[in-house]
Amino acid sequence: MNNHQSATAAADCLDRTLHKSNASCLPGDEEVPYNTSGPGSHAASNSDPSALNYGRVENNSQLKTFSFHNYGGTSNGNDDTVSPVPSPCVGRRPPQKESKYANMKQDKRTRRPRADSILSMSTIDRPVDGHSVVAPDDLALPPHTLLHGSSKLAANAFLQRERMCCDVGAEGKSFLPKRASQHTLGTMGSVCTTRTLKEIQEEFLEKVRGTFSEDAMAFAEGTIPHSIVVGIVIGCVCGVVAYLYYTMLEFLLDLVWKEMPKWIVLDRWPEHLHVLWIPLATFTLSICCGLSIYYLGEPGDLAYTIQCIHEQGYKGTHHVIPMIFASQFSILAGASLGPEAPLVAICAASAGFVSRRVFRQTNRNVVRKHTFMGMAGALAAFFGAPLGGSLFALEVASRFGLEYFEHLTESIFAGEVCVVVFRSLAGLPLGQIWHITPTRILETEPSTILVGAAIGLLGAGVAFLWANFHWRLMDLFCGLGLLDDANVYAVPRILLGACGVVVIGMLVPQTMSWGEWEFGVIATLSPASKLPHIWPTTGLLGFEANSLQNCLILGFCKLLAISFSVAGGYRGGFIFPFFAAGAAFGRALCFVFPTLSPVIATLCFAAGINVAITRTALATSLILAFLAGEQFALPAVIAASVVSLFATGYVPFIKSQLARSDIDFSLYYREKRQPQVHDHVPPIIGTKMMTTYPSVIYNEQPSVAMSK
């Protein structure tokens, strides 16, 4: 399609937008100058009486040639110029015709259709067959031509100034009805001067990247050299922050659950009273957690971090100190919450601070990218899985899939840097931490994917039941007046939550702590004596997960402990706790189906539960397979994750997970009249030419050029 054909095709879109009939005018119209001069316009012959019709476009569907009849003008024999003549609508009032904008909401200030009303309908009216024409970038667009297509949306959004610059009464302009002109101006994306789309983009859109040397010298935001430097700095900062947090946590865990019982309990308390150390330590540290929240302020949680990412692109540093104290006390108390969410919040605030204060960034999207770098670094360092941790940081911000895909590469890079710094300082290797079976899976049957999908569906069902129970428990806390924004009742709230944690922990000690190392104990049906973060490990009854019934009890008790921990106001993440619950349910399945692999059962059930809550299908699968050292179990785990994501797509748990504002309509709305492709299968032999586009059916009318 050449420029002339494209111009007339674009005019066809305008004609169908403003006029449903070829020869009628809107009632009460006045004359408004309409510039049709310039290389982008075309008119019919003087001898053609239909040239006085409004925007009539005729074509020959076989040759795909178009002819654009001038709006109220006649041709002077040259296709590039149009002589102005009086509009055929002047001096007469045609029959009343209801405007399609009559029922639309209007802006009280401008009296134009509001943006939400415009977005709720198609930008242009489709031709009869449901198709629209998208002009190429190098086309000289006719005046007031509506731009259409995703590639044009960026330019359309910046054309308000151009749309307001039409001169009235200038020489060389023909006329359009005033109301039709207003409709065109009120519609998103119209051009008032004859300019190419590339010229418009060059004026309103700034080129971001040049050569590597130019970008390195300018150090422009968003460029590759800029992202490399910022990624290294953020990765190093977050690696050091994660190391300090982890070192302090490990030291205090050993102190509370290993050293202090030796100093206080052993050789001083009767053996049957040793179990009382659990409520003593838990209630004491819970009170400390509540007091830290009351005096230091709200530390936030994962949902609040996600909300900050969406709304302002960063998290304030004033949450860092409260989060450090509250999360440390929560984990030390044995609550079923882990350090992953606190690390995400702390590193997100640190990365935002580096972006805004050190690199002086003010662009919200750039600051958001740097914040994602910090979140990715925290999770990559903690999980020891750079790819899975980085993906988790990006996926957890949305309800269905990874939406901030443009930040993926930089986030993975920052995650790699953070892993190097953190693991080097802590002396931790990268490798398998769970040995579920003595030998790894070396190959699997394709049917294993179906098994994984079925297990994932079971996990989604368990997560759905847990979510409903949790909201009812939150209603109970709310009914007691313990949920207040000022945290006035932080201590009573956390003590009530501690009651549930303590009772469950004394009966089933495997539910204590966040579950990173408990997962291996549960998945292998090992004795409770191997639990690392609880003392005494036997609990009150000497519970062992060695049967179908006990595994089910352990799984449900772990979910109850998670719910009481969250409702009580403890601060921490529930990723590993859900993994541990999934391991218990997976081992229960192995008792029902003895031929089922424990690796497949535990990993797929853990993925099904966690994905249903966190909406992180890709990251959860990679993290589980990496930590278990089972790469050939990954297809089944992915199947479980994806099925769980689909099954719980309409029941989100984290309310702050939202669709990106710039792609919200593409995800949750669609145009009421969708363009259809009318394609025919050409014969294999005997074709005269090869077409690379589907056949588009237009009105079967001969064009002016053909009629001549």
Q: Under 3.5 Å, is there a donor on one side chain and an acceptor on the other for Thr305 and Lys315?
A: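 Result is yes, a qualifying pair exists.
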Q: Are Thr620 and Thr616 close enough, and set up right, to give a side chain to side chain donor-acceptor pair (under 3.5 Å), and what steps lead you there?
A: CA-CA 6 Å; Thr620 296; Thr616 55; 2.8 Å; yes
Q: Indicate yes or no for a side-chain donor-acceptor contact from Asp484 to the backbone of Val488 under 3.5 Å, with no hydrogens or angles considered.
A: yes
Q: Less than 4.5 Å apart, any side-chain heavy atom of Leu249 and any of Leu252?
A: no
Q: Can you give me the closest heavy-atom contact between Gly384 and Leu430, atom names plus distance?
A: O-CD2, 3.4 Å
Q: So do the side chains of Val508 and Cys557 get within less than 4.5 Å of each other, counting heavy atoms only?
A: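 Heavy-atom side-chain distance check passes, below 4.5 Å.
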Q: If you count every heavy atom of other residues, nucleotides or ligands that lies below 6.0 Å from Phe591 atom CZ, does the total exceed 12?
A: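 Yes, enclosed.
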Q: Taking CZ in Phe283 as the centre, count heavy atoms belonging to other residues, nucleotides or ligands within less than 6.0 Å. Is the count above 12?
A: yes
Q: Looking at CG of Leu554 and CD1 of Ile504, how far apart are the two atoms once the value is rounded to the nearest 0.5 Å?
A: 11.0 Å
Q: Please walk me through it: do Leu634 and Ser621 pass side-chain contact (heavy atoms from CB on, under 4.5 Å)?
A: CA-CA 7 Å; Leu634 186 58; Ser621 303; 4.0 Å; yes
Q: Within this structure, what is the CD1-SG distance for the pair Ile600 and Cys590, rounded to the nearest 0.5 Å?
A: 10.0 Å
Q: Tell me if the aromatic rings of Phe564 and Tyr570 count as close, with their centers under 6.0 Å from one another.
A: no
Q: Provide the closest heavy-atom pair for Ala583 versus Thr602 in the form atom of the first, atom of the second, distance.
A: O-CG2, 3.7 Å
Q: Given Leu507, which of Leu540, Ile553, Val502 fulfils the side-chain contact (heavy atoms from CB on, under 4.5 Å) condition?
A: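 Of Leu540, Ile553, Val502, side-chain contact (heavy atoms from CB on, under 4.5 Å) with Leu507 is met by Leu540 alone.
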Q: Return yes if some donor-acceptor pair links the side-chain N/O of Gln631 with the main-chain N/O of Ala625 below 3.5 Å, else return no.
A: no
Q: Search all heavy atoms of Pro261 against all heavy atoms of Leu255 and return the closest pair with its distance.
A: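 So the minimum-distance heavy-atom pair works out to CD-O, 4.3 Å.
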Q: One pair to check against side-chain contact (heavy atoms from CB on, under 4.5 Å): Thr538 and Phe543. What are the steps and the verdict?
A: CA-CA 7 Å; Thr538 56; Phe543 182 89; over 6 Å; no
Q: If we only count heavy atoms from C-beta on, is the His274 to Trp269 side-chain gap below 4.5 Å?
A: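 Counting from C-beta outward, His274 and Trp269 do come under 4.5 Å.
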Q: Okay, side chain of Thr284, backbone of Leu280: is any donor-acceptor separation there less than 3.5 Å?
A: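 It does hold such a pair.
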Q: Are side-chain heavy atoms of Glu518 and Pro532 found at a separation under 4.5 Å?
A: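 Touching, per the 4.5 Å side-chain cut-off.
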Q: Just checking, any donor-acceptor pair under 3.5 angstrom between side chains of Gln432 and Arg440?
A: yes
Q: Go through the steps to decide whether Leu379 and Leu343 satisfy the test side-chain contact (heavy atoms from CB on, under 4.5 Å), and finish with yes or no.
A: CA-CA 7 Å; Leu379 291 173; Leu343 280 175; over 6 Å; no
Q: Closer than 3.5 angstrom, by distance alone: can the side chain of Thr511 be matched with the main-chain N or O of Lys558 as a donor-acceptor pair?
A: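 Looks like no, no N/O pair under 3.5 Å.
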Q: Would you tell me whether Tyr404 and Ser411 have side-chain atoms, one donor and one acceptor, within less than 3.5 Å of each other?
A: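 No, Ser411 and Tyr404 have no side-chain donor paired with an acceptor closer than 3.5 Å.
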Q: Locate the shortest heavy-atom distance separating Ser390 from Ala376; write the atom from each residue and the value.
A: CA-CB, 3.6 Å
Q: Would you find a donor on one side and an acceptor on the other, under 3.5 Å apart, between the side chain of Arg615 and the backbone of Ala397?
A: no
Q: Ring centres under 6.0 Å, that's the criterion: do Phe382 and Phe576 meet it?
A: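 Ring centres of Phe576 and Phe382 closer than 6.0 Å.
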Q: State whether the side chain of Thr437 and the backbone N or O of Thr439 hold a donor-acceptor pair below 3.5 Å, judged by distance alone.
A: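 Yes, because the side chain of Thr437 sits within donor-acceptor range (under 3.5 Å) of the backbone of Thr439.
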Q: Would you please say whether a donor-acceptor pair under 3.5 Å links the side chains of Glu298 and Asn487?
A: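 Looking only at side-chain atoms, Asn487 and Glu298 do form a donor-acceptor pair, the distance falling under 3.5 Å.
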Q: So which atom in Pro429 and which in Arg423 form the shortest heavy-atom distance, rounded to 0.1 Å?
A: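 Distance-wise, the nearest heavy atoms are O-NH1, 3.1 Å.
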Q: Answer yes or no: is there a donor N or O on one side and an acceptor on the other, between the side chain of Glu340 and the main chain of Ile575, under 3.5 Å?
A: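 Checked: pair present.
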Q: So how far is it from Leu645 CG to Glu395 CD, rounded to the nearest 0.5 Å?
A: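 If we round to the nearest 0.5 Å, Leu645:CG and Glu395:CD are 8.0 Å apart.
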Q: After noting the C-alpha distance and the side-chain angles of Phe422 and Tyr243, does the key distance pass the ring-ring contact (aromatic ring centres under 6.0 Å, His included) rule?
A: CA-CA 5 Å; Phe422 170 74; Tyr243 167 73; 7.1 Å; no
Q: Heavy-atom count around Glu250 CD within 6.0 Å, excluding the residue itself: above 12?
A: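 Count over threshold, so yes.
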Q: Using side-chain heavy atoms (C-beta onward) and a distance below 4.5 Å, is His310 in contact with Gln657?
A: no
Q: Once you measure the plane-to-plane angle for Phe653 and Phe574, does it fall in the parallel (<30°), tilted (30-60°) or perpendicular (>60°) bin?
A: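 The arrangement is perpendicular - the two ring planes meet at more than 60°.
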Q: Assert yes or no for the condition that the ring centre distance of His319 to Tyr304 is strictly below 6.0 Å.
A: yes
Q: Is it true that Arg587 and Thr524 share a donor-acceptor pair across their side chains at a distance under 3.5 Å?
A: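 Checked: Thr524/Arg587 side chains show no N/O donor-acceptor pair below 3.5 Å.
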Q: Quick one: closest heavy-atom pair of Ala607 and Ser641, and the distance?
A: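 In terms of heavy atoms, the two residues are closest at CB-OG, 3.4 Å.
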Q: Would you compute the distance between atom NZ of Lys655 and atom CZ of Arg399 and round it to the nearest 0.5 angstrom?
A: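 Reported to 0.5 Å precision, the distance equals 6.5 Å.
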Q: Taking atom CZ of Phe353 as the centre, report whether more than 12 heavy atoms of other residues, nucleotides or ligands fall under 6.0 Å from it.
A: no
Q: Tell me, yes or no, whether the heavy-atom count around Tyr489 atom OH, taken from other residues, nucleotides or ligands under 6.0 Å, exceeds 12.
A: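 Count not over threshold, so no.
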Q: side-chain contact (heavy atoms from CB on, under 4.5 Å) for Ile331 and Leu337? Distances and angles first, verdict last.
A: CA-CA 6 Å; Ile331 298 171; Leu337 296 174; 5.7 Å; no
Q: Does some side-chain heavy atom of Pro536 sit less than 4.5 Å from a side-chain heavy atom of Ile278?
A: yes
Q: Kindly indicate whether the side chain of Val265, heavy atoms from C-beta on, has any atom under 4.5 Å from the side chain of Trp535.
A: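 Touching, per the 4.5 Å side-chain cut-off.
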Q: Ring-plane angle category for His470 and Trp466, please: parallel below 30°, perpendicular beyond 60°, tilted otherwise.
A: parallel
Q: Would you give the length of the straight line joining atom OG1 of Thr282 to atom CD1 of Ile494, rounded to the nearest 0.5 angstrom?
A: 11.0 Å
Q: Should Leu603 and Ile455 count as side-chain neighbours, where that means a heavy-atom distance under 4.5 Å?
A: no
Q: Quick check: does any side chain N or O of Ser292 sit under 3.5 Å from a backbone N or O of Cys289, one acting as donor and the other as acceptor?
A: yes
Q: About how many Å separate CG of Leu525 and CD1 of Ile436, when rounded to the nearest 0.5 Å?
A: 11.0 Å
Q: For Phe469, is the CZ atom crowded, meaning more than 12 foreign heavy atoms sit under 6.0 Å from it?
A: yes
Q: Can you check whether Glu544's main-chain N or O pairs, donor with acceptor, with Asn550's side chain at less than 3.5 Å?
A: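 Pair found, side chain donor or acceptor close to backbone of Glu544.
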Q: In terms of relative ring orientation, are Phe383 and Phe392 parallel, tilted or perpendicular, with 30° and 60° separating the classes?
A: tilted
Q: Using modelled atom types and a 3.5 Å cut-off, is there a donor and acceptor pairing between side-chain atoms of Arg571 and backbone atoms of Pro322?
A: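 Such a contact is absent between Arg571 side chain and Pro322 backbone.
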